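We number each residue from 1, following the sequence as shown. Computed over heavy atoms, backbone and side chain alike; hydrogens, waters and symmetry mates excluded. These numbers were taken from a predicted model, which means no experiment stands behind them.
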Amino acid sequence: MSASDSCSSSMEEELHVLAVDDNLIDRKLVERILKISSCKVTTAENGLRALEYLGLGGDPQQSDPVTSTNVMKVNLIITDYCMPGMTGFELLKKVKQESSNLKEVPVVILSSENIPTRINKCLASGAQMFMQKPLKLSDVEKLKCHLLNCRI
């Protein structure tokens with residue numbers, strides 16, 4: 001697959017997505033759909049692992065320049081809402097509040113439950129979109145096109 005497939009033809013590099021889900025099957029499904037859509041995918045099994053990858057885990061005083069470089073390459077975070085330890089909503093809040101480098105990175109929340117108050121809370125806190133599980137290829141293509149239009 002090349003980065004020139006679908007909407008990504010207007011970008012110099014492929015979209016890099018951090019996919020966060022505690023359920024292995026759901027995580028693999030999201031990863032596969034994103035790869036079919038010509039996205040580079042990094043996965044994390046929970047919110048804490050995602051924060052570590054993003055350079056927000058552990059001691060906030062400790063800054064790792066290597067991690068900071070990786071952070072700049074993440075164009076999108078897709079996270080499950082309901083996870084043990086740290087919910088997708090808590091991950092969203094940390095990304096949007098604690099990191100000036102990541103505030104502009106869109107975060108999409110996935111959930112198998114359609115609860116309007118949950119959806120509104122996530123959108124009000126900075127989520128780009130709230131999507132129903134299971135994620136579909138058409139959802140990713142729509143999301144990619146929306147993101148690319150915002151970045152051009």
Exercise. Give a yes or no on whether I36 and L76 share a hydrophobic cluster (residues Ile, Leu, Val, Met, Phe, Trp, Tyr; joining criterion: side-chain heavy atoms under 4.5 Å apart).
Key: yes
Nearest heavy-atom contact between C122 and L92 is O-CD2, 3.5 Å
Tell me whether I25 at atom CD1 has more than 12 heavy atoms from other residues, nucleotides or ligands lying less than 6.0 Å away. no
Assess the residue pair L18 and Y53 against the criterion (side-chain contact (heavy atoms from CB on, under 4.5 Å)); give the C-alpha distance rounded to whole Å, side-chain angles, the decisive distance to 0.1 Å, and a yes or no. CA-CA 9 Å; L18 176 60; Y53 179 79; 4.2 Å; yes
| said: Between V95 and I77, is the side-chain contact (heavy atoms from CB on, under 4.5 Å) condition met? List the steps. | reply: CA-CA 10 Å; V95 166; I77 299 167; 4.1 Å; yes
Rounded to the nearest 0.5 angstrom, the NZ-OG1 distance for K93 and T87 is 7.5 Å
Looking only at heavy atoms, the pair that brings S37 and V140 closest together is OG-CG1, 3.4 Å
CD1 of I115 to CG of N120, rounded to nearest 0.5 Å, is 11.5 Å
E90 meets the salt bridge (Lys or Arg N to Asp or Glu O under 4.0 Å) criterion, sequence neighbours left out, with none
Heavy-atom nearest pair, M83 first then G47, reads CE-N, 4.1 Å
Residues passing the side-chain hydrogen bond (donor to acceptor under 3.5 Å, both in side chains) test with R27, sequence neighbours excluded, are none
Tightest non-hydrogen contact, residues A44 and A50, listed as CB-N, 3.7 Å
Is there a side-chain contact between T79 and V108, using heavy atoms and a 4.5 Å cut-off?
no
Scanning both residues in full, the closest heavy-atom pair of R118 with E113 reads NH1-OE1, 2.8 Å
* Using a 4.5 Å cut-off on heavy atoms from C-beta on, say whether the side chain of L34 contacts that of L15. => no
In this structure, CD1 of I78 is separated from CD of Q128 (nearest 0.5 Å) by 11.0 Å
Value for CD1 (I109) from SG (C82), rounded to nearest 0.5 Å, stands at 12.0 Å
dist F89:CZ -> S125:OG (nearest 0.5 Å) comes out at 3.5 Å
Is any side-chain heavy atom of M86 closer than 4.5 Å to one of L51? yes
Distance col, row C39:SG vs L143:CG, nearest 0.5 angstrom, shows 8.5 Å
Sorted by chain and number, sequence neighbours left out, side-chain hydrogen bond (donor to acceptor under 3.5 Å, both in side chains) with T42 holds for H16
Check the pair V17 / E31 against side-chain contact (heavy atoms from CB on, under 4.5 Å), numbers first and verdict last.
CA-CA 9 Å; V17 182; E31 180 179 19; over 6 Å; no
For K28, the side-chain hydrogen bond (donor to acceptor under 3.5 Å, both in side chains) test, sequence neighbours excluded, returns none
Listing, residues 129-136 side-chain donor-acceptor contacts under 3.5 Å, not counting sequence neighbours, or none:
unit_1: K133; atom_1: NZ; unit_2: D21; atom_2: OD2; d: 2.9
unit_1: K133; atom_1: NZ; unit_2: D26; atom_2: OD2; d: 3.0
unit_1: K133; atom_1: NZ; unit_2: D80; atom_2: OD1; d: 3.2
unit_1: K133; atom_1: NZ; unit_2: D80; atom_2: OD2; d: 3.4

Applying a strict under-4.5 Å side-chain criterion to I, L, V, M, F, W and Y, I'd like to know whether L91 and L123 cluster together.
yes
(message) Taking the side chain as everything from C-beta on, heavy atoms only, tell me whether L102 gets closer than 4.5 Å to L54.
(response) yes
Worksheet item: Taking K96 for the side chain and A127 for the main chain, is one N or O donor matched with an acceptor at less than 3.5 Å?
Response: no
